[in-house]
Amino acid sequence: MSRPAAKVLIVVLEVLQALSLPAWLFGAVFAVSALGESTANAGTYVAVGLLWSYPVWLIGLGMGSWVLLRRGQTGAALALAALASVPLVLFTVVTIASL
C-alpha cells in the first residue's frame, strides 16, 4: 500500500478509535464501583487499571503507527493501527449484543 493511502487509513482508524472513547468512559465510570466491593482483590484492581489506561494505549499505539510510517515501515504501521482498533470492535460487538 502506498504511503498516502496508509496515512488516510491510519487517520480513519484513529478517528474511529476516538469515537470509542464515550463507550470507554461509560465503562470506566462503572468499573470504579467494582473497587468498592468487599470481594475486590488484586485482579480487580489490575482489570480496572487496564480499563482506565485505554486512552494512554491509544495515544501510544497511534504515535507508534506514525513513527513506523515515517520510517517507511508501512505494513507495520498499519498493523499497529489495526491493533489499536481491536477494542473498538469489541466495544461495538458488546454494545450490539446488549441491545
Side-chain angles (χ1 to χ4, degrees):
M1 178 177 280
S2 67
R3 283 184 72 184
K7 286 180 183 180
V8 169
L9 186 57
I10 290 173
V11 167
V12 167
L13 288 173
E14 287 181 350
V15 167
L16 291 173
Q17 293 163 13
L19 291 175
S20 73
L21 291 175
W24 163 81
L25 185 59
F26 182 76
V29 167
F30 285 105
V32 174
S33 66
L35 299 176
E37 296 290 324
S38 61
T39 58
N41 57 21
T44 307
Y45 284 90
V46 169
V48 171
L50 288 173
L51 180 67
W52 271 88
S53 67
Y54 174 66
V56 176
W57 284 98
L58 285 183
I59 292 168
L61 291 172
M63 289 171 43
S65 294
W66 288 108
V67 167
L68 287 171
L69 188 64
R70 176 80 174 160
R71 290 183 180 173
Q73 299 175 350
T74 307
L78 290 173
L80 199 58
L83 177 67
S85 300
V86 169
L88 169 66
V89 173
L90 292 176
F91 283 145
T92 305
V93 169
V94 169
T95 302
I96 291 172
S98 67
L99 294 178

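Position 1 is the first residue of the sequence, and the numbers go up from there. Both backbone and side-chain heavy atoms feed into the values below; hydrogens, waters and symmetry mates do not. Model, not experiment: these values are computed from the prediction.
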Contacts under 3.5 angstrom, residues 38-48 side chains, donor-acceptor by atom type, not counting sequence neighbours:
residue	atom	partner	partner atom	Å
N41	OD1	G43	N	3.0
N41	OD1	T44	N	3.1
N41	OD1	T44	OG1	3.2
T44	OG1	N41	N	3.3

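- Follow the hydrophobic side-chain contacts under 4.5 Å out from L90 and you never reach L50; the two are in separate clusters.
- Within the structure, side-chain hydrogen bond (donor to acceptor under 3.5 Å, both in side chains) contacts touching residues 15-27 (residues at least two apart or in different chains) are Q17-S85, S20-Y54.
- With sequence neighbours excluded, the residues that form a side chain to side chain donor-acceptor pair (under 3.5 Å) with W66 are E14.
- Following chains of ILVMFWY side-chain contacts shorter than 4.5 Å, one can reach L35 starting from L25, so the two form part of one hydrophobic cluster.
- Note on V89 and L61: separate hydrophobic clusters, where clusters join Ile, Leu, Val, Met, Phe, Trp and Tyr whose side-chain heavy atoms are under 4.5 Å apart, directly or indirectly.
- Residues satisfying the ring pair (Phe, Tyr, Trp, His ring centres under 6.0 Å) criterion with W57, sequence neighbours excluded, are absent altogether.
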Side-chain atoms of residues 69-81: list all donor-acceptor pairs with protein atoms under 3.5 Å, sequence neighbours left out, distances to 0.1 Å.
none

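- Here the shortest heavy-atom pairing between L88 and T92 reads O-OG1, 2.8 Å.
- Clustering ILVMFWY residues whenever any of their side-chain heavy atoms sit less than 4.5 angstrom apart, transitively, puts L68 in a cluster other than the one holding L9.
- A continuous path of ILVMFWY side-chain contacts below 4.5 Å connects V8 to L19, so both sit in one hydrophobic cluster.
- Within the hydrophobic cluster formed by Ile, Leu, Val, Met, Phe, Trp and Tyr side chains joined at under 4.5 Å, directly or through other members, I59 is accompanied by M63.
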